[in-house]
There are 2 protein chains.
Amino acid sequence: MTAPDLDRIRPMANAVRALSMDAVEKAKSGHPGMPMGMADAAAVLWGKHIKFDPADPQWPDRDRFVLSAGHGSMLIYSILHLIGVEGVTMDELKNFRQFGSKTPGHPEFGHTPGVETTTGPLGQGISTAVGMALAERILNAHFGDALVDHHTWVIASDGDLQEGISQEAISLAGHLKLNRLIVLWDDNSISIDGSTELSDTVDHKTRFEAAGWDTLSVDGHDPAAVDAALTRAKASDRPVLIACRTTIGFGAPKKAGTAGSHGSPLGAEEIEGARKALGWEHGPFEVPENIYADWREMAVRSAADRKAWNERLAASNVRDAFMARMTGGVPKAAQEALKNHIAKLVAEKPKLATRAASGKVLEAIAADYPALIGGSADLTGSNLTKASSQAIIKSDDFSGGYIHYGVREHGMAAAMNGMSLHGGITPYGGTFLIFSDYCRPAIRLSALMNQSVIYVLTHDSIGLGEDGPTHQPVEHLSALRSIPGVETWRPCDALETAESWACALERTDGPAILALSRQGVPHLREDDGSQNLSARGAYVLREAEGGAPQVVLIATGTEVELAVQARDMLAEKGVKARVVSAPSLERFFKQDDAYRASILPDGVPCVAVEAAIRWGWDAIIGREGGFVGMTGFGASAPAEQLYAHFGITAERVVEEALKRV
Amino acid sequence: MTAPDLDRIRPMANAVRALSMDAVEKAKSGHPGMPMGMADAAAVLWGKHIKFDPADPQWPDRDRFVLSAGHGSMLIYSILHLIGVEGVTMDELKNFRQFGSKTPGHPEFGHTPGVETTTGPLGQGISTAVGMALAERILNAHFGDALVDHHTWVIASDGDLQEGISQEAISLAGHLKLNRLIVLWDDNSISIDGSTELSDTVDHKTRFEAAGWDTLSVDGHDPAAVDAALTRAKASDRPVLIACRTTIGFGAPKKAGTAGSHGSPLGAEEIEGARKALGWEHGPFEVPENIYADWREMAVRSAADRKAWNERLAASNVRDAFMARMTGGVPKAAQEALKNHIAKLVAEKPKLATRAASGKVLEAIAADYPALIGGSADLTGSNLTKASSQAIIKSDDFSGGYIHYGVREHGMAAAMNGMSLHGGITPYGGTFLIFSDYCRPAIRLSALMNQSVIYVLTHDSIGLGEDGPTHQPVEHLSALRSIPGVETWRPCDALETAESWACALERTDGPAILALSRQGVPHLREDDGSQNLSARGAYVLREAEGGAPQVVLIATGTEVELAVQARDMLAEKGVKARVVSAPSLERFFKQDDAYRASILPDGVPCVAVEAAIRWGWDAIIGREGGFVGMTGFGASAPAEQLYAHFGITAERVVEEALKRV
């Protein structure tokens, strides 16, 4: 950076400071301290380093910027405004934290152009960024430097680094040598409770080095030092942490350097003092034209990059493939392969655990689905998530299709969010259903951001047997169904498993949970598989024989077999029972009343069967419905004994049905 | 350790190996590799270092041992058997992983004498152990070296160290310089997917050093080296990590050193080969008397320690206080203080946020409740979890009552489990309700282990306002209620908050969640507070006027006020509505049918009001019941606007009620 450029940075940064404190003050709520502290470093980063053309915030080869410290949202809103991103107007800044604005309290993906991911829950941003940086390397391996060659930048706080998920993320990034990932740590020694020394004495630089990162330290208020560090970081062969020593609330006469500037408005007096201290002689929400000009002039350098990239794309022999990848969707060949696979299942009627059935779906489609990037949190052989065509993604070869995430469920989920957000990748990852609890905050973000991430969660009930209650999900299906936007699938046989995968892959607006069994299930479907019956969430698997049903037995997953057995036992007693298979309650709730009534007719009593707790099921079966399932934690024993002990049997289903007819 | 002692270690360890592989083989399921790999180190630890008298596994000043790598459960079962802990018989070992045995697949607290905590979900053991080691220092500060002076030992796996929670735990332990905590890391370089190099290249020793730990490395198969390391570790002024280089499945001719020995039976041939290689000439489940004698002779050394401790206790002037602490229960003075506080609330009828009301409860009781150890994950001023009498617990002074946990929700929850398990401490800890997702695996363990840990979770709905959907819980109440054994409390005013605290503190068999508001609520109760009405989960707050109710309005927390308003509006329309306040649905479900019917009379329609999703509520109000709440994620805006936007208003309650009368 030249000396004249450096001189322009501080006033540019002061614009960010002024807008941040003004917006928080007007909203009477927010976090001024972080944007004021990191404004200098951010001005250098955005002014001189980030490849981002305000004219096209969606340009595929742009650098990704993640404000992991999402509470400092005014930092990114101010910058997006100053560089002229369409829609991020001064009025929007004035509407900070107000209903319907483009400037919500924390950055939200989809609300604000230029916001690459939703942040706020600490640790998520940096971990999502690992997925973005990984996606960049994968697509680079697939399409080459001419089309994919960008960085992922993160601003992270002390809180981000204290969250456990950050360790999972940095160890994965270090392992894979994701050198396009550069994290600026806002090393301000202040957390909400006061000095970070109250609770943290970790030497974070050494910790990152232990995970395979390069580290640098700079004075975050020295533009030349920051510029030099960013330049050095871009040349590293590893991910880089830059510790930026900063003063939180920089400029505020009394509150700078204290927790008092962190999470509430500075107040009129302090703001006036800050204006003086910073030499900012403009009114609230006023930015002089020369400052705008500096920001925009610096930002415009990426326009040339974008133009050159567009020319390379036009000339590329992989142009169509690249554009198709970035657009997303299931490739035709994979659709065809899945169709053939389903035809084969219908012909062969295999008895399989649904986790094995899932493995066979992947085996059928993976080779024709390069966007599909799989993995597991160290349970590959149990989750059966790896297709034989998928090579392992390694630090020296990103051309494969499978990631060994290690025992890092939360990091895996966040990385999948990042890959999905980056574009060009449809990520799926495996662990046990019980460990959905470990990655729940990231699953929630998949849903909140409408990302089509697929969670392959096996060993889905007491049916896993001897590992015992620590490994037996009983409340997890209910808890996952409770997250808005999540679709949970619990298929009953190999065919439903293939259909569930089809629904998950075709979904464009949210995540899917596939809850899959350890134990085998018979082929239950009697139709020809030409129609995806699972797609409506629930359907009649076996109609009552000899007339209208007297009772409906509704079940999911491995318990559908019990419902079918119970129906036959009831028939022997002259009771007409319908069996409804319900692979996805969420999908079923989305159907119209007429469809739902056609499956669960008004006035016909229901008995539900699921090897899990009842919580939530009353919405389907009513309080008067019967339920055969769990009422508490499981136990360690062979699966058959557990089913018998907990009374999840066809006999119990019959009993509950007879009580109601 | 003397040379003859060392010579005895290998055969002692081989007994563990043989029992482990035999038990896994007989169960046709389990993990032989880890016990076989760590048997030598464990034999040195248990034979020569651990202070544990098999004659009294509950002795308060015993060392705590945590098998964080819980899948290797046969290691601890074998040792408890060999040292003669009552109940851990050879028959129990033969019943490994069978229904009702004392030897479940993973160690379960409460099932097996000598098992200090339930492990299996990776990372939980080491993090729970931090709580135990912290409890030891706190009680030491309260009662002195004569009564409290013991170590916490952990055997941890690669997987434990990969989980993010381990970072939260080790940074907390390092920060507090918990030098009574010693972790033996089973550094075998093998995870389920294969070599740890597939996914992990972290230099874990450096990582621990960065967190303030001492570290050592030893050959885990060299008893003298292990002995020396354990001796050195006990002398450290910091927590210590000992990297034990081991061979997984040590002794197995083909599978040793491979993932093949990790998680499944070795098979007859491999077991025969291992017997030969180890020189173990005894049949399955056979241990020669001289090996038993060696184990028991080494174990008996702690009997003298226990005898001396009992003598010190008898002579101690704090004997009664110590015994009372270890017995648990709410101190009389604190009960009295709470009673007085409630009387004051009834008199003053304050309008308070329930988080503030919670703070006032703590303020009232903390000084009289030394077992109560509070804290927050860096949200002290928001959670209002600190009473003025509580000094901060620091590395050089553990006599205080409050812990700055840092931004480490998961580590906090696990540490609270550890403190509760240790005994003598009633832990509570605060964060936002939304971040219950971050500590859910540990909350589940609180419930599974019946530990009375109290979670103070504030900012419990869209009522937090501007922070937006990343911080607004909508599904969390439902998801927490779904965990078996958890009791969730969502009080409607200051009085109910005090009652909820009373219920949480008096509970002896499981955790409590206090879901508390950011925003103020009026005093709603009209009774004299002499009876804890909340204790039955739900009760009639306002009876219908002028006759039997035509509709029941049931609400929780901040929405009870809306129900009260709606009742009055309905009264103006001539509709008789009863208001039921339901601070704890779980508690209400535990009441008998008669009580429940007295609150929610059969045939009277219900409308529920809760600023959260409906999922689960149908169990209370039926599918036909009305529900005023959320149907998806929230948004960033001032709270009043959000309530209006999402239609959570008295008017909507009236509408839903009118539809049904």
Side-chain angles (χ1 to χ4, degrees), chain A residues 29 97-99 104-106 118 120-122 159 162-165 167-168 171 175 191-193 198-203 206-207 210-212 378-380 404 406-408 410 437-438 440-441 448 466-471 475 478-479 482-484 615-616 618-619 622-623 632-633 636-637 641, chain B residues 29 97-99 104-106 118 120-122 159 162-165 167-168 171 175 191-193 198-203 206-207 210-212 378-380 404 406-408 410 437-438 440-441 448 466-471 475 478-479 482-484 615-616 618-619 622-623 632-633 636-637 641:
Chain A
S29 138
R97 294 184 153 234
Q98 303 310 301
F99 194 81
H106 292 82
T118 298
L122 289 172
Q162 287 180 41
E163 288 287 0
I165 185 177
Q167 180 64 26
E168 301 183 18
S171 55
H175 177 72
S191 70
I192 296 177
D193 276 1
L198 285 173
S199 59
D200 196 28
T201 33
V202 170
D203 175 350
T206 300
R207 171 188 163 212
D378 197 39
L379 287 168
T380 298
H404 283 294
V407 190
R408 303 185 185 105
H410 205 176
D437 276 353
Y438 274 77
R440 202 170 157 88
L448 184 58
E466 292 88 344
D467 274 346
T470 56
H471 285 58
E475 74 277 25
S478 176
S482 76
I483 304 175
W615 191 242
D618 292 78
R623 277 181 301 184
F633 294 113
S636 172
Q641 276 183 44
Chain B
S29 138
R97 293 184 154 234
Q98 303 310 302
F99 194 81
H106 292 82
T118 297
L122 289 171
Q162 287 180 41
E163 288 287 359
I165 186 177
Q167 180 64 26
E168 300 184 18
S171 54
H175 178 72
S191 70
I192 297 177
D193 276 2
L198 286 173
S199 60
D200 196 28
T201 34
V202 170
D203 174 351
T206 301
R207 171 188 164 212
D378 197 41
L379 287 168
T380 297
H404 283 295
V407 190
R408 303 185 185 106
H410 204 175
D437 275 354
Y438 273 78
R440 202 169 155 88
L448 184 56
E466 292 88 344
D467 274 346
T470 56
H471 285 57
E475 75 276 25
S478 177
S482 76
I483 304 175
W615 190 242
D618 292 79
R623 277 180 300 183
F633 294 113
S636 172
Q641 277 183 45

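Letters A, B, ... mirror the listed sequences (proteins, then strands); counts begin at 1.
Taking A:S191, A:A211, A:S199 one by one and counting their heavy-atom pairs under 4.5 Å with chain B, the maximum is reached by A:S199. Heavy-atom pairs under 4.5 Å with chain B were tallied for A:A637, A:S482, A:G468; the largest tally goes to A:S482. Comparing A:D203, A:D193, A:D618 by heavy-atom pairs within less than 4.5 Å of chain B, the highest count is held by A:D193. In terms of heavy-atom pairs under 4.5 angstrom with chain A, the leader among B:S29, B:G105, B:G164, B:G406 is B:G164. For the set B:R408, B:H175, B:Q167, the count of heavy-atom pairs under 4.5 angstrom toward chain A peaks at B:H175. Among the candidates B:L122, B:I192, B:I165, the residue making the largest number of heavy-atom pairs closer than 4.5 Å to chain A is B:I192. Ranked by heavy-atom pairs under 4.5 Å with chain A, the first of B:G212, B:A479, B:P121 is B:P121. Most heavy-atom pairs under 4.5 Å with chain B: of the set A:D378, A:L198, A:L448, A:D200, this distinction falls to A:D378. Ranking B:P104, B:G632, B:P469 against chain A, the residue ahead of the rest is B:P469, based on heavy-atom pairs under 4.5 Å.
For a residue to count as touching a neighbouring chain, one of its non-hydrogen atoms must lie under 4.5 Å from one of that chain's; by this rule B:Q641 touches chain A with the side chain only. Contacts of B:T118 with chain A are made by side-chain atoms alone, with heavy-atom separations under 4.5 Å and no backbone atom involved.
Side chains of B:S171 and A:Q162 form no contact here, defined as non-hydrogen atoms less than 4.5 Å apart. Contact check for A:E163 versus B:E168: side-chain heavy atoms found under the 4.5 Å cut-off. Within the 4.5 Å cutoff, side-chain heavy atoms of A:R440 are placed close to those of A:I483.
Nearest approach of B:H410 to A:Y438, heavy atoms of both residues: CE1-CE2, 4.0 Å.
Scanning for salt bridge (Lys or Arg N to Asp or Glu O under 4.0 Å) contacts around A:R97 gives B:D467, with sequence neighbours left out. The ring-ring contact (aromatic ring centres under 6.0 Å, His included) check on B:H471 picks up A:H106, B:F435, with sequence neighbours excluded.
The distance from atom CG of A:D437 to atom CD of A:E475, rounded to the nearest 0.5 Å, is 6.0 Å.
Side-chain atoms of A:W615 come within 3.5 Å of backbone N or O of B:S478 as a donor-acceptor pair.
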